[in-house]
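FYI, the numbering just counts along the sequence from 1.
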Amino acid sequence: MKKHSPVLILNSDYSPLEITDWKKAFTLIYAKNSEAYVVSTYNEVIYDSADRAYNVPAVIVLKNYVKAGNKRCSYSKHNIKLRDKNTCQYCGGVFHPDKLNVDHVIPRSRQDLLPKGIRASSFENIVCSCFQCNTKKSDKTLKESKMSLIKVPKSITKSEKITLEILSRNQMPDEWKPYIIKVQK
């Protein structure tokens, strides 16, 4: 059996919560007071010391709802790039994360223009931009630079972040697709 079989943990409402390894999943499923149940397995089997066979879980669901998934995700450049799917929010080009900057929609030097309660470096004021668009916009507002955004920047929840991380993987296990696609609709 592969030691690296990832397991998708869904909240009780079936929203993505976390990716873990099969060992932690087994603990959640088979502990005395089990906290989860299996909804999908891989075509892999693992044997315990008594030679009992267990299917390796691919997707498990928590029995009780965990509020963490609805909490706002912490601001970081990585999370901005995930949210914007490595797409320049000015020209629409898709780039490798290393070929993207993050840009203040309303420049830090113009913080007085920000709506009350919005920080200069926050999900609501930062977007991905390619080097060319970032240079073109410079330290100007959208109006001054005669540029526009593809979409209005907004914060994301922890559940949305995990979904975006899964979708950004080069290969998502087939067993996860029905649960991730449901979230995207």
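Considering only heavy atoms from C-beta on, I126 comes within 4.5 Å of H104 through its side chain. In this structure the side chain of S159 reaches within 4.5 angstrom of the side chain of P16, judged on heavy atoms. Residues W176 and I19 have side chains in contact (heavy-atom distance under 4.5 Å, counting atoms from C-beta outward). N64 is not listed as a side-chain neighbour of E35, based on a closest heavy-atom distance of 4.5 Å or more. Side-chain contact check for Y90 versus N134: every heavy-atom pair is 4.5 Å or farther apart. For the pair K99/N86, no side-chain contact is recorded, criterion being any heavy-atom separation below 4.5 Å from C-beta on.
Considering CD1 of I80 and CG of N101, their distance stands at 13.0 Å, rounded to 0.5 Å. For the atom pair L28 CG and T20 OG1, the distance stands at 7.5 Å (nearest 0.5 Å). From D174, atom CG reaches atom OH of Y42 across 9.5 Å, with rounding to the nearest 0.5 Å. From R83, atom CZ reaches atom CG of L164 across 10.0 Å, with rounding to the nearest 0.5 Å. The CG atom of L149 sits 10.0 Å away from atom OG of S129, with the distance rounded to the nearest 0.5 Å. Residue K177 holds its NZ atom at 12.5 Å from OG of S40, rounded to the nearest 0.5 Å.
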Evaluate the side chain to side chain contact (heavy atoms under 4.5 Å, CB included) criterion for residues I180 and L8: first the C-alpha distance (whole Å), next the side-chain angles of each, then the deciding distance (0.1 Å), finally the verdict. CA-CA 10 Å; I180 300 304; L8 176 62; 3.9 Å; yes
Would M172 and L167 count as a side chain to side chain contact (heavy atoms under 4.5 Å, CB included) here? Give the steps. CA-CA 7 Å; M172 178 191 339; L167 292 171; 3.8 Å; yes
| side chain to side chain contact (heavy atoms under 4.5 Å, CB included) between K63 and S12, worked out | CA-CA 6 Å; K63 291 179 179 178; S12 63; over 6 Å; no
**Report entry** Full working for side chain to side chain contact (heavy atoms under 4.5 Å, CB included) between N79 and F123
**Finding:** CA-CA 9 Å; N79 291 343; F123 274 113; 3.9 Å; yes
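In this structure a side-chain-to-backbone donor-acceptor pair under 3.5 Å is present from K81 to P97. Remark: the backbone N or O of V61 is not paired with any side-chain donor or acceptor of Y14 at under 3.5 angstrom. In this structure a side-chain-to-backbone donor-acceptor pair under 3.5 Å is present from D48 to R52. N11 contributes no side-chain N or O that, together with a main-chain N or O of L17, makes up a donor-acceptor pair within less than 3.5 Å. No donor-acceptor pair under 3.5 Å is formed between the side chain of S34 and the backbone N or O of Y30. Between the side chain of R110 and the main chain of K140, no donor-acceptor pair closer than 3.5 Å is present. In this structure a side-chain-to-backbone donor-acceptor pair under 3.5 Å is missing from S15 to D13. At distances below 3.5 Å, at least one donor-acceptor pair connects side-chain atoms of K137 with backbone N or O atoms of V105. The backbone N or O of T87 sits less than 3.5 Å from a side-chain atom of Q89, completing a donor-acceptor pair. A donor-acceptor pair is defined here as one N or O able to donate and one able to accept, closer than 3.5 Å; such a pair exists between the side chain of D21 and the backbone of K24.
By the criterion of side-chain heavy atoms lying less than 4.5 angstrom apart, applied directly or through intervening Ile, Leu, Val, Met, Phe, Trp or Tyr residues, I118 is not grouped with V102; the two fall into different hydrophobic clusters. At a threshold of 4.5 Å between side-chain heavy atoms, the hydrophobic network of Ile, Leu, Val, Met, Phe, Trp and Tyr places V127 and L82 in two separate groups. Note on I150: it does not cluster hydrophobically with M147, by side-chain heavy-atom contacts below 4.5 Å among ILVMFWY residues. Cluster membership check: Y75 does not share its hydrophobic cluster with I106, using side-chain heavy-atom separations under 4.5 Å among Ile, Leu, Val, Met, Phe, Trp and Tyr. Under a hydrophobic clustering in which Ile, Leu, Val, Met, Phe, Trp and Tyr are joined whenever their side-chain heavy atoms come within less than 4.5 Å, directly or via other members, L62 and Y37 fall into the same cluster.
Scanning all heavy atoms of the two residues, the minimum distance from F26 to V56 falls at CE1-CA, 4.5 Å. Minimum heavy-atom separation, D139 to P107: OD1-CB, 3.0 Å. Of all heavy-atom pairs spanning F95 and C88, the tightest one is CE1-CB, 4.0 Å. Between E124 and S155, the shortest heavy-atom contact is OE2-CB, 3.6 Å. Minimum heavy-atom separation, N125 to A120: ND2-O, 2.9 Å. Nearest heavy atoms, L114 versus R119: CD1-C, 3.9 Å.
At most 12 non-hydrogen atoms from other residues, nucleotides or ligands lie less than 6.0 angstrom from CD of Q132. The environment of CG in N43 is sparse: at most 12 heavy-atom neighbours from other residues, nucleotides or ligands sit within 6.0 Å. Around NZ of K154, the count of heavy atoms belonging to other residues, nucleotides or ligands within 6.0 Å does not exceed 12.
Legend: residues meeting salt bridge (Lys or Arg N to Asp or Glu O under 4.0 Å) with K23, ordered by chain and number and at least two apart, are absent.
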